[in-house]
Each structure stands twice: as structure tokens, then as C-alpha cells.
J.: 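Provided herewith is a single structure, encoded as C-alpha cells, for subsequent inquiry.
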Amino acid sequence: MHAAFRQGGRKAIEKVMRNQPAVFLKLLVLLVPREHKVEHSNAIKDMTDEQIERSIEVIKQILAEREAGATAKLIEGEAEVVPSLPAPGSGGTKT
């Protein structure tokens with residue numbers, strides 16, 4: 001199916017959309033699940049004391065790193081082109 005779609009899928013979908021809009025809409029509806037089950041869970045209540053303590057440590061570390069980055073100083077400058085020196089033994093200077 002993937003290979004068939006890559007070969008002509010877009011054109012086929014556009015053709016169905018243009019020539020048979022009812023079929024196109026039915027296909028769209030079939031792509032949507034009829035029901036979606038959502039379950040609520042309280043992840044924090046399910047955590048052990050050790051997991052909560054470790055999470056707090058990680059959050060403190062992230063906040064400290066963020067604060068350190070906010071107070072970091074930016075040093076601006078420009079690179080300077082320095083002419084290259086002659087290679088040793090090349091006789092770069094005449095006497």
C-alpha cells in the first residue's frame with residue numbers, strides 16, 4: 001500500500017475528491033476512530049518518594065542551568081587575518 005500510495009496516491013486522492021466527493025468524505029470518516037477511550041491517571045500519586053525526590057533534583061538542576069545560561073556573559077569580537085609566515089628553510093628573507 002505504501003508503494004502504491006507513493007506511486008500515484010496523491011493523484012488518485014485528488015481524482016476521487018474531484019469526481020466522487022461523497023466517496024472521498026466517506027473515506028475521511030472511516031479514518032477517524034468511532035470512539036476514543038481516555039483514561040486519567042495521576043502520575044505523581046503513583047511515584048515513590050525516591051522518584052519524587054529525584055524528579056525535584058532534576059528540576060532544580062535544569063533551573064540552575066537555565067539561570068546560569070541567562071547570566072552568562074557574551075564576548076563579542078572579530079577575527080583578524082594575519083599574513084602567513086614563510087615556511088622554515090624556504091629562504092623567505094634575503095641577506
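All values below come from the heavy atoms of this structure, side chains included, with hydrogens, waters and symmetry mates left out. Throughout, residue positions are numbered sequentially from 1 according to the sequence presented.
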J.: Considering residues at least two apart in sequence or located in another chain, which fulfil the side chain to side chain donor-acceptor pair (under 3.5 Å) criterion with Gln7?
T.: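 Expected list: none.
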J.: Tell me who clusters with Val32, hydrophobic residues only, linked when side chains sit under 4.5 Å apart either directly or through other members.
T.: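 Under the 4.5 Å side-chain rule, Val32 groups with nothing.
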J.: Pairs in or reaching into residues 21-41: which pass salt bridge (charged side-chain N to carboxylate O under 4.0 Å, His left out), with residues at least two apart or in two chains?
T.: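 Every pair satisfying salt bridge (charged side-chain N to carboxylate O under 4.0 Å, His left out) with a residue in residues 21-41: Lys37-Glu39.
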J.: What is the distance from atom CD of Gln20 to atom CG of Leu27, rounded to the nearest 0.5 Å?
T.: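 Answer rounded to 0.5 Å: 9.5 Å.
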J.: Which atom pair, heavy atoms only, marks the closest approach of Ile52 to Ile44?
T.: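 Answer, listing the atom of Ile52 first, then Ile44: CD1-O, 4.1 Å.
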J.: Working to the nearest 0.5 Å, report the span between CE of Met17 and CG of Leu28.
T.: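 Here the rounded value is 9.5 Å.
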J.: Indicate yes or no: at least one non-hydrogen side-chain atom of Lys15 is less than 4.5 angstrom from one of Lys11.
T.: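 No. Closest side-chain heavy atoms not under 4.5 Å.
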J.: Looking at residues at least two apart in the chain, or sitting in another chain, which of them share a side chain to side chain contact (heavy atoms under 4.5 Å, CB included) with Phe5?
T.: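 Ile13.
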J.: Determine whether more than 12 heavy atoms belonging to other residues, nucleotides or ligands lie under 6.0 Å from atom CD of Glu67.
T.: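 No - once you tally the heavy atoms of other residues, nucleotides and ligands closer than 6.0 Å, there are 12 at most.
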J.: If hydrophobic clusters are built from ILVMFWY residues whose side chains come within less than 4.5 Å, do Val29 and Phe24 share one?
T.: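 No; tracing contacts between hydrophobic side chains, which count when under 4.5 Å, never links both residues.
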J.: Taking ILVMFWY side chains as joined if any heavy atoms are under 4.5 angstrom apart, and letting links pass through other members, which residues group with Ile62?
T.: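 Under the 4.5 Å side-chain rule, Ile62 groups with Val58.
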J.: Run the salt bridge (charged side-chain N to carboxylate O under 4.0 Å, His left out) test against Glu57 and tell me which residues pass, sequence neighbours left out.
T.: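 Here the qualifying residues are Arg54.
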